[in-house]
Amino acid sequence: MDVLPSYGEATSRLDWLSLVAHHIPASSWTSCCLVDRRFYSFFAPRLWQDPLVVVRQLGLHPNDDLAWYRRFINKHVRSARLHTRSMVRSLDFRAFALTASGLYSTDASERAISESFRVLPQIFPNLICLLLDGHPELDPSSLATARVAASHPLELLDLAGCRQELTPKLFSSQLFRDLIYLDISYVPGSIRSAIQSSLNPTYLPGLRVLKARGREVNDATAQLLFQTFRLQLWSLDLSDNKLTDAAIDELVYRCFSSLSFRNDSHFEVEGKVVVPRNLGGQQYGLFEFLEESVHSASFTHPERYLADPPVYSHRADQTEPQEWQTIRSDGTGPLKCDDASAIKEMVLENALALAGKTPRQPIHDLHVPRGGITHLYLNRNSLTANGIGRLLRGSSGRLEHFECDHCLLPRPVSSPYESRPELQAAGILGLAYLFRPAFSSNLRSVRAHHSLVTQIPDIHAKGLPLETALRLSETVIFNKSSRVYPQRFVPDMNPRIASLALTHIPARSTGRVIRQLTLFLDLASIQQANIRKARMHMNGRHAAILSGLRHIRFELDPDFSDDTTLDSSTGRDIEYDKLLDPGDDDFGHSTFSFFEDTKRTTPNQLTATGRRSGGNTNTAQFSHWTSGRLKSPPYSDTESQFIIHHEEASTSWTGNVYSVPVWIGPGTIGPHAAVNEYMWNLQDEKLRAHVGPATPSHVAAGVPPLTYIYHAAWDAMVFPSNLAVATMNLGTEPLQDVAAAIKDYRMGTRGTPRHWDGKIELVRSSRSSRYHASEYWR
């Protein structure tokens, strides 16, 4: 909530200089300082508050950075008055002295800058921002031993990429006690020992934004971090680490408030979340259904673009919600930023505002009440789609920005699939409904795998060429996934989301990826037209209208057209089976090869009756089922469409034994292909596992709403039962350039009603970030 000005601030007249100062270029600030004392009080702080950035704006060449810095520290600063030196608020080295200059090598540059750290708090007593990203050789440890004479300790510290190991007790110094933003990404050393020593609320009580990318953080260390900071942080970046689904439950329990932003007042527009009983499973989490209204399931309610009305208080002195109140954002304001540049800008603007006694106080947005995480980054970890589902359901609608560019799909647990342990699929299939406002009430920005929109997962297998994997995913796998999970993310599913980034888009496509992406752009243009009509209809009224999706970013993989021999399993071997199903010991027996038409004999070899020894039905015979009711269990044991499932305490969410009715269908061929295969799979006893609520995607595929199903039997349908057959007839049509096709589409729609006028970005990632198995498939 914005901070209202006091009566004196609201009625006092602002100096006209405060209005025009932001529009005067940096090259004129020196001249303005010479006009008179009044001008000096406005422009001297702007000239001195961020000297390394200002001197670049004034024309300093990068080759002269080090020479200028040495003169600045050793000569000019020492002769400057204390009042002048106190105006320095920020030292931003991120774009400063990055290369060798003049007679100085890069090492000499780093040593010269490092040596100055010890005296920085003394010569710049009001320094509050220090950014060292881009200088890996700098040693910030001397900051901890510096004599602190600062009236304002640091509020922002960026140490990303520093190669010097930080001592565990570094942050116990008084210099860091007011830190709001801390980036210790890609820094050697144990973060666990730092948490136990000084990286904790005892020494950093004001810390709100923590970035710890690439720190080899495992589940145990992450759980310690969650237990230490609890609800203190509102932004957390743990990308490029070793997190698995085992860390999700502790994250939800410790770092998200139990107060939910979800409510039933938007039921007609968005639907509502229903929790029938306090039940759940270890894989799914707490059981929650989404109850739909007449319009919510099709996203067609006429008021879907209206922003939430303002919340009024009965008390004039109450400007903030009470501790027990949760009010979701109206969806119209700008997204709160948590990157270093944005935080620095807010901190420096606040410093200028306080110095000039103006009412603007943007720093208030950083010191939000302790309600838990709103910005979460989990890119390039070892998470699965099940873990991401548990996280989004357990976040209580608090997340505003969420990133997870890669997660693995759950593997089948049935014996017919045990002979193909090398097949892996990555994507976010079947989870689109969790990005709706009924679940993610405050979500404004998302970065996720492109399958959220395209329904095309990435395929990985030992010995499978990348081009073959791409063709397989866009044909066989897409046909299965679109049948099993027919509901994909569309803009009107959540008009409150303003920014969407789709990752790992293949550079080449048979055409399916291109059609899915351009269709999404068509839907974005339709949403844009509908929002404009809504604004016209609301003309003269004071209702706020949502802006809808205004920023789309497509992150493309490297083009492999010149290197089609690349294997989809490039990189060191990884125990995928233990990662995806650590409880299934049989997964370790690989008996399938893409270059063999037959499988080696296994203990579970099919018998002459088409059934595996042990009673598991051969799912490869599903295509032969054309009529009649299934005669194998569970259909041979009941005439009902439901059976009672008994969950053991060891796999229960609450640790208690419970029973629920699970829908198994009539056992006869019906109009829904996915339901027919689901019923066939249920004959396999191993697939009668992982009970959970039917999601909107299941309902769209033919499952009755508000019922329980066996998710193991349903998820198994995404994987082909015979990979050798699936890879034999993939076609040989030339692959199309995805980036060129999207550009052609944009040119073709320009000047037409189909043109979406939001901001669209096409970004191509580096080859190593996509094809290295240790980065992408671990």
- List the steps, then state whether side chain to side chain contact (heavy atoms under 4.5 Å, CB included) holds for I456 with I477. CA-CA 7 Å; I456 301 173; I477 303 298; over 6 Å; no
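- Side chain of N442 to backbone of G397: a donor-acceptor contact under 3.5 angstrom is found.
- Between E288 and R262 there is a salt bridge, since a side-chain N of the basic residue sits under 4.0 Å from a carboxylate O of the acidic one.
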- Could you walk me through whether Q516 and T454 pass side chain to side chain donor-acceptor pair (under 3.5 Å), step by step? CA-CA 5 Å; Q516 294 295 92; T454 63; over 6 Å; no
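- Within the 4.5 Å cutoff, side-chain heavy atoms of D492 are placed close to those of R304.
- In this model, no donor atom of one side chain and acceptor atom of the other lie less than 3.5 Å apart for T503 and H449.
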- Task: Tell me, with the steps shown, if T518 and I514 meet side chain to side chain contact (heavy atoms under 4.5 Å, CB included).
- Result: CA-CA 6 Å; T518 54; I514 296 172; 4.3 Å; yes
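- Taking CH2 of W663 as the reference point, atom OG of S640 lies at 11.5 Å (rounded to 0.5 Å).
- T510 and E474 share a donor-acceptor pair across their side chains, judged by distance under 3.5 Å alone.
- Taking all atoms of both residues into account, the shortest heavy-atom contact from Y678 to V662 is OH-CG1, 4.4 Å.
- A distance of 6.0 Å or more separates the ring centres of Y433 and F489.
- For the pairing with D245, the side chain to side chain contact (heavy atoms under 4.5 Å, CB included) check across R390, Q282, Q283 returns one residue only, R390.
- By the 30° and 60° cut-offs, the orientation of the rings of Y710 relative to H645 is perpendicular.
- Aromatic rings from Y284 and H690 are positioned such that their centres are separated by 6.0 Å or more.
- No side-chain donor-acceptor contact under 3.5 Å links R393 to the backbone of G285.
- A ring-centre distance under 6.0 Å is not found for F261 and F439.
- Inter-residue side-chain proximity for T626 and I669 is flagged as unmet; no heavy-atom pair is nearer than 4.5 Å.
- In this structure, F289 and V699 have side chains that are not in contact, with every pair of non-hydrogen atoms separated by 4.5 Å or more.
- With salt bridges taken as basic N to acidic carboxylate O contacts below 4.0 Å, one links R447 and E555.
- Relative ring orientation between Y485 and H698 is described as tilted, the plane-to-plane angle lying within the 30° to 60° band.
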